[in-house]
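First the structure, in the form of structure tokens, and then the observations on it.
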Amino acid sequence: MSHWKAGTVQAWLEVVMAMPMYVKACAENVKSGKVLLSLSDEDLELGLGVCSSLHRRKLRLAIEDYRDAEAGRSLSKAADLDHHWVAKAWLSDIGLPQYSQAFQSHLVDGRMLNSLMKRDLEKHLNVSKKFHQVSILLGIELLYQVNFSREALQERRARCETQNIDPVVWTNQRVLKWVRDIDLKEYADNLTNSGVHGAVLVLEPTFNAEAMATALGIPSGKHILRRHLAEEMSTVFHPANSTGIREAERFGTPPGRASSATRAGKEENSGGIKYKAGRLPLGKIGRGFSSKDSDFHDDYGSLQNEDCGDDDPQGRPEQRRLEGYNSLEVTNV
């Protein structure tokens with residue numbers, strides 16, 4: 001990037017970053033890649049007119065990635081995941097396509113996914129349902145486990161399309177297929193647009209058979225059906241929980257820390273922002289379900305609210321679980 005001329009900078013901004021709205025201001029103010037590498041958040045806002053905080057973050061994360069490349073490292077694999085793939089394919093895979101427009105308008109790409117916090121989901125991306133936030137963060141955790149490699153993820157999913165193996169990579173559609181295969185097809189469609197996918201079922205142990213039955217809409221009085229579901233889940237998902245490291249090694253990908261969500265600590269220096277490979281325990285983000293939401297049944301119970309504490313990475317516990325899903329808002333939108 002340090003050798004780019006003005007025309008290359010403008011082409012990168014328009015084509016690669018999908019930000020043609022800022023090209024005119026860029027042409028007037030940024031004459032080389034070397035200047036681009038030095039831009040601060042204030043420069044982006046005042047000099048290029050980038051008023052959207054998420055758009056500024058996207059640019060700064062990309063610039064930081066190129067700075068690392070200048071130091072001899074290659075660009076991150078997350079750079080290969082453009083915002084079209086995130087908004088269309090990835091959100092559909094985790095069962096939350098209803099948020100596609102919000103992710104599309106904010107140009108959320110792979111680098112940005114690795115930086116998202118609960119408050120970003122609520123404030124900018126219209127994800128107000130607590131379980132949907134957890135679902136997205138666990139989907140990001142899975143991407144982290146495969147080093148943001150779309151190819152590695154697709155390869156693992158292809159292997160388990162007709163076999164009940166490696167469930168952590170199952171898409172929402174694959175989970176629906178499994179539900180139909182265990183003769184609960186009359187309930188399967190209730191998981192459409194629910195945010196229930198393989199990473200939720202494997203990486204968060206408190207998403208148990210009771211929570212799954214609630215998500216499927218199986219009446220509480222159907223004890224035999226619920227027992228059947230619990231037995232089938234114990235066969236497929238519980239072994240995956242206990243052997244997650246061996247399963248990851250088997251498929252040649254680094255195991256992530258169970259029940260954690262992708263979040264990195266921020267490092268502000270020299271006008272740059274860098275998202276490191278630190279991980280925030282999911283329980284710290286995911287707690288705060290409310291039984292008062294309009295989509296809840298009164299008998300779901302509730303979980304206590306808790307400040308997510310996103311701005312205090314130093315005080316985070318090593319491992320904290322969601323304290324149950326009795327108040328799940330796994331509902332269609």
Please check this pair: side chain of [X] against backbone of [Y], looking for a donor-acceptor N/O pair closer than 3.5 Å.
{"X": "Lys58", "Y": "Leu107", "value": "yes"}
{"X": "Asp166", "Y": "Cys160", "value": "no"}
{"X": "Ser194", "Y": "Asn190", "value": "no"}
{"X": "His197", "Y": "Ser135", "value": "yes"}
{"X": "Asn208", "Y": "Glu210", "value": "yes"}
{"X": "Arg150", "Y": "Asp80", "value": "yes"}
{"X": "Trp170", "Y": "Ile165", "value": "yes"}
{"X": "His124", "Y": "Leu54", "value": "no"}

Passes side chain to side chain contact (heavy atoms under 4.5 Å, CB included), Val202 versus Phe207? Steps please. CA-CA 8 Å; Val202 174; Phe207 191 92; over 6 Å; no

Report the distance from atom [atom1] of [X] to atom [atom2] of [Y], rounding to the nearest 0.5 Å.
{"X": "Leu125", "Y": "Ser105", "atom1": "CG", "atom2": "OG", "result": "7.5 Å"}
{"X": "Arg57", "Y": "Leu59", "atom1": "CZ", "atom2": "CG", "result": "12.5 Å"}
{"X": "Leu36", "Y": "Leu44", "atom1": "CG", "atom2": "CG", "result": "8.0 Å"}
{"X": "Met21", "Y": "Leu48", "atom1": "CE", "atom2": "CG", "result": "12.5 Å"}
{"X": "Leu116", "Y": "Gln133", "atom1": "CG", "atom2": "CD", "result": "11.0 Å"}
{"X": "Leu113", "Y": "Leu61", "atom1": "CG", "atom2": "CG", "result": "11.0 Å"}

What closest approach, in Å, do [X] and [Y] show between heavy atoms, and which atom pair accounts for it?
{"X": "Ala152", "Y": "Ser149", "answer": "N-OG, 3.1 Å"}
{"X": "Asn29", "Y": "Ala25", "answer": "ND2-O, 2.8 Å"}
{"X": "Thr206", "Y": "Glu204", "answer": "OG1-OE2, 2.8 Å"}
{"X": "Met233", "Y": "Ala209", "answer": "SD-CA, 3.6 Å"}
{"X": "Tyr187", "Y": "Pro219", "answer": "OH-CD, 3.9 Å"}
{"X": "Ser220", "Y": "Arg226", "answer": "CA-NE, 3.6 Å"}

All salt bridge (Lys or Arg N to Asp or Glu O under 4.0 Å) counterparts of Glu122, not counting sequence neighbours: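 For Glu122, the residues satisfying salt bridge (Lys or Arg N to Asp or Glu O under 4.0 Å) (neighbours in sequence not counted) are Lys130.
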
Using salt bridge (Lys or Arg N to Asp or Glu O under 4.0 Å) as the criterion, list what pairs up with Glu28, not counting sequence neighbours.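 Applying salt bridge (Lys or Arg N to Asp or Glu O under 4.0 Å) to Glu28 gives none.
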
Run the side-chain hydrogen bond (donor to acceptor under 3.5 Å, both in side chains) test against [X] and tell me which residues pass, sequence neighbours left out.
{"X": "Arg56", "result": "Asp41"}
{"X": "Asp43", "result": "Ser40"}
{"X": "Gln104", "result": "His84"}
{"X": "Arg180", "result": "Asp189"}

Any [X] side-chain heavy atom under 4.5 Å of [Y] side chain:
{"X": "Leu203", "Y": "Gln145", "result": "yes"}
{"X": "Asn164", "Y": "Thr235", "result": "no"}
{"X": "Leu153", "Y": "Leu142", "result": "yes"}
{"X": "Met212", "Y": "Val196", "result": "yes"}
{"X": "Val9", "Y": "Cys26", "result": "yes"}
{"X": "Leu75", "Y": "Asp68", "result": "no"}
{"X": "Glu231", "Y": "Arg227", "result": "yes"}
{"X": "Gln173", "Y": "Ser92", "result": "yes"}

Ion pair check, Lys77 and Glu151, cut-off under 4.0 Å: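 Yes.
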
Do Asp65 and Arg111 sit within salt-bridge range, that is, some charged N less than 4.0 Å from a carboxylate O?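 Looking at Asp65 and Arg111, the cut-off is met.
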
Mind checking what makes side chain to side chain contact (heavy atoms under 4.5 Å, CB included) contact with [X], not counting sequence neighbours?
{"X": "Ser2", "value": "Leu37, Glu70"}
{"X": "Asn126", "value": "Ala102"}
{"X": "Glu161", "value": "Arg174, Lys177"}
{"X": "Ile182", "value": "Trp178, Leu184, His228, Leu229, Glu232"}

Would you mind listing every salt bridge (Lys or Arg N to Asp or Glu O under 4.0 Å) that reaches into residues 81-101, with sequence neighbours excluded?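 Sorted pair list: Asp93-Arg157.
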
For Arg159 and Glu155, run side chain to side chain contact (heavy atoms under 4.5 Å, CB included): C-alpha distance rounded to whole Å, both residues' side-chain angles, the deciding distance at 0.1 Å, then the answer. CA-CA 6 Å; Arg159 288 173 180 158; Glu155 182 181 350; 2.7 Å; yes

Cluster question for you: counting only ILVMFWY and a side-chain heavy-atom cut-off of under 4.5 Å, with indirect links fine, are Leu39 and Leu46 together?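 Result: no, two separate clusters.
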
Give me each pair satisfying side-chain hydrogen bond (donor to acceptor under 3.5 Å, both in side chains) with a member in residues 8-27, each pair once, sequence neighbours excluded.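 Applying side-chain hydrogen bond (donor to acceptor under 3.5 Å, both in side chains) to every pair that reaches into residues 8-27, excluding sequence neighbours, yields Trp12-Tyr66, Tyr22-His55.
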
Trp90 and its side-chain contact (heavy atoms from CB on, under 4.5 Å) partner, picked from Ile136, Leu96, Leu81: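 By the side-chain contact (heavy atoms from CB on, under 4.5 Å) criterion, Trp90 pairs with just one of Ile136, Leu96, Leu81: Ile136.
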
